[in-house]
Number of protein chains: 2
Amino acid sequence: MENSKIKAFIPLLYLVWSDDLLTKYEFDTLKGFINSLNLISSEEKQYILSKVDISNPPSRNELAQWKLDVENSIKDKSSIKSIFDIAIALSGKDLDISSLESDFAKLENDLGVLGEELIQNFKTKSNSLTATTKTTDNFDIQKLTAILDGEQASIIKKVKEVISRPEFAYETSTDILVYRQKVYDWCKILAEENLGNMAYPKQYGGGENIADYFAVMETLSYHDLSLVIKFGVQFGLWGMSVQSLGTEKHYAKYLKDIGSLKIPGCFAMTETHHGSNVKGLETTATYSHNDKTFIIHTPHKKAQKEYIGNAAVHGQMATVFAKLIIDDHDYGVNAFVVPLRDTNGNTFNGITIGDCGHKMGLNGVDNGTIIFDNVVIPKENMLDRFASVNDKGEFESPIPSDNRRFFTMLGTLVGGRIGIPRSALSAAKSGLTIAIRYSDERRQFGPEGGSEVPILNYRMHQRRLLPHLAKTYAVHFGLQYLTSRFLKKTESEMQEIEALAAGMKSYSTWSTRDILQECREACGGKGYLSENRIDALKNDTEIYTTFEGDNTVLMQLVAKNRLSEFRKSFGEMGSLGMINYVFENARTAISEKNPIATRRTDEEHLLDSQFHLQAFQHREKTILASAANRIKKLIDSGLEAYDAFNVVQHQMIDVAQAYLERVVLEQFQVGISKVEDVKTKEILVKLNQLFALSQIEKNKAWYLEDSYMDAVKTKAIRKMVNQLCWDIRPDAVSLVNAFDIPESCLAAPIAFY
Amino acid sequence: MENSKIKAFIPLLYLVWSDDLLTKYEFDTLKGFINSLNLISSEEKQYILSKVDISNPPSRNELAQWKLDVENSIKDKSSIKSIFDIAIALSGKDLDISSLESDFAKLENDLGVLGEELIQNFKTKSNSLTATTKTTDNFDIQKLTAILDGEQASIIKKVKEVISRPEFAYETSTDILVYRQKVYDWCKILAEENLGNMAYPKQYGGGENIADYFAVMETLSYHDLSLVIKFGVQFGLWGMSVQSLGTEKHYAKYLKDIGSLKIPGCFAMTETHHGSNVKGLETTATYSHNDKTFIIHTPHKKAQKEYIGNAAVHGQMATVFAKLIIDDHDYGVNAFVVPLRDTNGNTFNGITIGDCGHKMGLNGVDNGTIIFDNVVIPKENMLDRFASVNDKGEFESPIPSDNRRFFTMLGTLVGGRIGIPRSALSAAKSGLTIAIRYSDERRQFGPEGGSEVPILNYRMHQRRLLPHLAKTYAVHFGLQYLTSRFLKKTESEMQEIEALAAGMKSYSTWSTRDILQECREACGGKGYLSENRIDALKNDTEIYTTFEGDNTVLMQLVAKNRLSEFRKSFGEMGSLGMINYVFENARTAISEKNPIATRRTDEEHLLDSQFHLQAFQHREKTILASAANRIKKLIDSGLEAYDAFNVVQHQMIDVAQAYLERVVLEQFQVGISKVEDVKTKEILVKLNQLFALSQIEKNKAWYLEDSYMDAVKTKAIRKMVNQLCWDIRPDAVSLVNAFDIPESCLAAPIAFY
């Protein structure tokens, strides 16, 4: 039996037997629908019902024929929107089923299908927006690279040349002894190229160029990160500790050989029982009046030096931090140069070295433990820039407080908190380059009948990667700013810069952690294979959030610095300060928190960089004032200060976070303002908008709680973030290519799909 | 010169030279303050000023003496709150400096110090709240363990006994060949113990107990996760594919030998070019009429099978998914048993095996690639439960649609999406046990003069770990529910259960990812050492978010299922459905969204489980309706359905998330309602409150946007989360001990500090 009436039901018949897995219940619904129709004869009804008998399915061929019929009937007809429309088209002009329209509509509802969605299944080849968006060239990549590299372009170029050489091919052995040796050999090559001593005085063979030294660290970080850390331990921690804490005699004796890697060394601060709280170190350096020596000693097993890079295998000397004891008096933590091994690698008497063994990452670095059993060193081995023992065996220092002296010493080592976040940023750039290039090529799913679509065309995939890309650009400018502040630092700025460095270290390393996690998942199974390097990038940088200061602890420090600056800013301005602050906030409230501003959702406003900066600043100030207020209240209510600070720890993280986000946004904006090339500026402005709005979106609960924004605005921001991702997508590949990472360093096969 | 007047200034003198690192600017402030005083003579002034000369610091001993003076003067005097109070105490009764009080207060401000905070520096030994909180025994751990284990207690006990044997000592070699062999040997022991065939029919030597099989997977996951995955590939994927997709002849031929590990095998579905979109697999199985065989063939390199567990070394056979071709007709993807190697491990002709090489984790599993070059297999090797080729060479199937048939086949394999999230949960439990036990012992910092404090006493540290602990308990009950739904499933529930499994797989594996990340960071450097096992836990489970279905893709599926259920629920109720829904939501709006409820912040309300569930349900329903609405609007506005779904992908994740959160909360509550022991119930109720409120806090932007809560309420919730963390902290160690993970499996030295 075949007639045009029955044809009208073909879409329904196809529907129940096709992919959408209708249940028995829905079969019954459909049967009820057919039975209820008056338009068709009882015979026709029986025929149609026989085709929806769950125990007697149609043949595969019959189903295929139905599909073909439907496809032919709707071909090129964009007006077809529902099952009913198909039914009309199939039944032809000789049957008027228009009276059934509402029945069909109800049926669509009852079956829980959306007619228009269903129709996609019948359309061949689709030119959907999703399918057609693709990578384009909208700006000059090299111009952007030049902006990123800035004044360090030539040293960056040199480092890239070195690490692209064949001898820098990655080590793939899982034997950590082999890997450690390879990393050591690489370090020697870098030393020969005069890259290690870049920051040391010219007098001792160095380059006397700290800016270049940081650029070296950053660029090396496109290569193996064990290399970067081993390099940083030798030339940064070990060498710079001598340079910062020692005096002329130490420079003359050690710096040249450290710079050439003739003396591999360690920075022995952390102990098993004291990591974050280094003030509590327990290793002792006891002065012996008789022979004018120090006796370095580990009082108990948990006071051993731990995680010390270069210790397990290669280190011959170490800067050891120990409490100086003279005549049973404790003079606080000071630094001493202690020999560990002879040039043949044999440890000296009294030195016991342990191996930290296999780690989550950085297995090319030989981290170890060191125990000192009454090791005697000559008096001149004390690094005596900030404290010394005179000929009479008396302690001397221009800084009377032991703690203050120690923190001053630590302050001179703040460079590590610039090198690490810059290294982390490079790792994020590598991860994003791999993931974005792969996502631009990898295809999966697609419109029915069309070909598969690059996964970067999916909104969710854009959401996963592109805000991170924007943030990476933002952090780049933030770290450039931190570096230049550090290079031009004056005494009175030191506290602020130390806090900024501590904060940016946390901000950048946490950012890298999140980015690489997303990159791994975005690359699916391919992201799990070691050959694609996200493994190494992720596991090597995992410890970045812990070493050079645990991020959570650092963020508390940053917040405390902000609180103290906040209190001072009142002080400096006299009691007018507080009034000004309150007034200023009130002004904000009037101009920015009026109903029009809090509900404004027009594109011009949402994309306005002034709006972004004001929103970040408002958040920073308000959170800070609120935390200060809360602490005061808690203490006033009788809580001990120590407990009060514990209660607000969670809020303190927000204080630091809001401060850092403002700095990063501001510096990204400052950076962009200097760009002259129109096209480059255009894309950076878009990235900046995406960065700003995705941060506001992340913090939107706060903005709503504060009434700075209304729900209508935060919802509009979410949509705008989606839109910006979509708009930036065609430029995404160019934007990662602008990082200009050497292909041999990138190495991941999926980045060259 | 020493008199009581000058003594009044000692706290100031100590302040400028002590730890707080005042800058030159602040020295000047202090000098100005001293100069402005009329109470002291010019000579005294000069003397004091000489002590704040930045170029002429006091000696270390003088500083120490000042400190001692201050300490003695304030000893046991809790009334001392400011620098001025100290000054009074020091200057004694013979000098009236009370007129200076406001000057001192202003100075504190100008210097940006908080007097009370400063005074902590002088107090010896503090009994602060932070220092004194500690682990206590508030409930019977074994009773809680019994609740968690439930009816599977005996099989769990058996598995723990097996994996605690000496031969299950962890493999520490970094040589993946050694590791793979060890994992294989472990699997053989488990097979001998009849743990592998637990789910197979008794007829073929199995235990016919699927509930126990899942418990085995979960308990094994306290041990090496490569073992779990290798075990799952062999007995779950390979064995269950034969059982679910094959028929009696296949059971008889293979099941016993699979269960005993006599035939190691693979599950060869994923191809390089088709992972998530398995419908698009390109491997072909072409029927040859002449000799009644299939020819299995890989048409091009990117159609090779990839990531196949057991393939690189041990697999002798594989269930291969391939498009069935008969007479040039494509009959969709079907499954075939294909021999790969002989019993000596030599691959058969036409089979080319590649090795996926080193991976981020799971290196004990031999993942490989397989290329088939016209490999001929007999007709009976087709797993023919859902489709077959008859004697005439014709295709036969009770399911006419190729896609529907394929998805039906996949549906039978849903068990994997129960085993994996349960395995992930165990890994989270291990990580939390290690991190929480360590944090209870590890001490760092402390009140001035007091001893150092366990880091778990810090609010921030509690915040990092305890909401995760609560979530882990919640997910435990959620997965118990999923399992029991699966075990009692009926045909009509299958779609819902498949969606629930897909969702819970994503929810649990993402949760584990976040938990292990936090555990790693919370353990600092120790968390980075492989010996403490967070390395392995984290890297092994990293791929859990990708395999058995990419989480992001699965969440889209879950959301689509919810949308379709949503549409149907209208249908089933007729047009009344929509009215009911709107009415119900309006009722919510009236009862829950009235100003009293949205602003209610009393403890009773915030801790009320009814409030929690209503808030979760409201969110679930509203997000779902809003997404449905948005899609409809987008399509009505002319967007193709495919594009419309792309636009809302980000929102779809929320749809799925809100649904899963509600299920998990609800099941946690149901689970608790069955607990009889009062103490056990008490602690579980607290955990449930913490889980509920920390999820609401995470989603608070949504609740604010929806006006379901007012800012005053979301702020109160934040505080309540902090408070619950503090309240649960003394029970935290007992709560992880209740997971009852064998100590030999835990293994991490820091867990036994």
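A, B, ... follow the sequence lines: proteins, then strands. Residue 1 opens every chain.
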Q: Output the distance between atom CZ (R464(A)) and atom CD (Q649(B)), rounded to the nearest 0.5 Å.
A: 10.0 Å
Q: May I ask you to name which of H358(A), M652(A), H650(A), K359(A) has the most heavy-atom pairs under 4.5 Å with chain B?
A: H650(A)
Q: Mind checking the CG-CD1 spacing from N277(B) to I455(A)? Nearest 0.5 Å is all I need.
A: 12.0 Å
Q.
Between N539(A) and chain B, with a heavy-atom cut-off of 4.5 Å, which part of the residue counts as in contact: side chain, backbone, both or neither?
A. both
**Q.** Nearest-0.5 Å distance, OG1 of residue T552(B) to CE of residue M460(A)
**A.** 5.5 Å
Q.
Can you tell me which of S276(B), S173(B), A644(B) forms the most heavy-atom pairs within a distance under 4.5 Å of chain A?
A. S276(B)
Q | Max heavy-atom pair count under 4.5 Å with chain B, selected residue of M360(A), Q462(A), E62(A) | A | M360(A)
Q: Would you mind checking which part of D706(B) comes under 4.5 Å of any heavy atom in chain A, side chain (CB onward), backbone (N, CA, C, O), both or neither?
A: neither
Q: To the nearest 0.5 Å, tell me how far H273(A) NE2 sits from R442(B) CZ.
A: 7.0 Å
Q. Looking at K715(B), R718(B), H329(B), which one has more heavy-atom pairs under 4.5 Å with chain A than the rest?
A. R718(B)
Q) At their closest point, which heavy atom of R520(B) faces which heavy atom of I543(A), and how far apart are they? A) NH1-CD1, 3.7 Å
**Q.** Atom pair CG/CG of N367(A) and L529(B) - distance to nearest 0.5 Å
**A.** 8.5 Å
**Q.** Contacts of D535(A) that satisfy salt bridge (Lys or Arg N to Asp or Glu O under 4.0 Å) - sequence neighbours left out
**A.** none
Q: For side chain to side chain contact (heavy atoms under 4.5 Å, CB included), just list the numbers for Y307(B) and K526(A), CA-CA rounded to whole Å, side-chain angles, deciding distance to a tenth of an Å, and then say yes or no.
A: CA-CA 9 Å; Y307(B) 315 119; K526(A) 286 289 181 191; 3.2 Å; yes
Q) Do I653(A) and R463(B) come close enough that some side-chain heavy atom pair is under 4.5 Å? A) no
Q. How close do E705(B) and K700(A) get, heavy atom to heavy atom, and via which atoms?
A. OE2-NZ, 3.2 Å
Q) Under a 4.5 Å heavy-atom cutoff, which of T546(A), T174(A), N646(A), L704(A) has the most pairs with chain B? A) N646(A)
Q: Determine the option with the most heavy-atom pairs under 4.5 angstrom with chain B, choosing from S530(A), C356(A), G524(A).
A: S530(A)
Q) Side chains of E452(B) and H274(A): do they bring a donor and an acceptor to under 3.5 Å? A) yes
**Q.** Which of M494(A), K538(A), Q517(A), H461(A) touches chain B most, by non-hydrogen pairs under 4.5 Å
**A.** Q517(A)
Q.
Given heavy-atom pairs under 4.5 angstrom as the criterion, report whether the side chain, backbone, both or neither of V647(A) touches chain B.
A. both
Q: For chain A, find which of E306(B), E396(B), R405(B), R513(B) contributes the most heavy-atom pairs closer than 4.5 angstrom.
A: R513(B)
Q: Select one option (side chain, backbone, both, neither) describing which atoms of W726(A) are under 4.5 Å from chain B's heavy atoms.
A: side chain
Q. In terms of heavy-atom pairs under 4.5 Å, which option from P57(A), A711(A), G525(A), G275(A) contacts chain B the most?
A. G525(A)
Q. How many angstroms lie between CH2 in W702(A) and OG1 in T714(B), if you round to the nearest 0.5 Å?
A. 12.5 Å
Q: Check whether Y331(A) gets within reach of chain B through its side chain, its backbone, both or neither, counting any heavy atom under 4.5 Å.
A: both
Q.
Measuring only between side-chain heavy atoms, which start at C-beta, is Y642(B) closer than 4.5 Å to V453(A)?
A. yes
(Q) Run the ring pair (Phe, Tyr, Trp, His ring centres under 6.0 Å) test against Y458(A) and tell me which residues pass, sequence neighbours left out. (A) none
Q) Tell me, side chain or backbone of N457(A) under 4.5 Å from chain B's heavy atoms, or both, or neither? A) backbone
Q) Do D402(B) and L63(A) come within less than 4.5 Å of each other through their side chains, counting heavy atoms only? A) no
Q) So which part of N363(A) gets closer than 4.5 Å to some heavy atom of chain B, the side chain, the backbone, both or neither? A) neither
Q. Which region of E493(A), side chain (C-beta onward) or backbone (N, CA, C, O), has a non-hydrogen atom less than 4.5 Å from a non-hydrogen atom of chain B, or is it both or neither?
A. neither
Q. Which one of P398(B), S397(B), P400(B) has the most heavy-atom pairs closer than 4.5 Å to chain A?
A. P400(B)
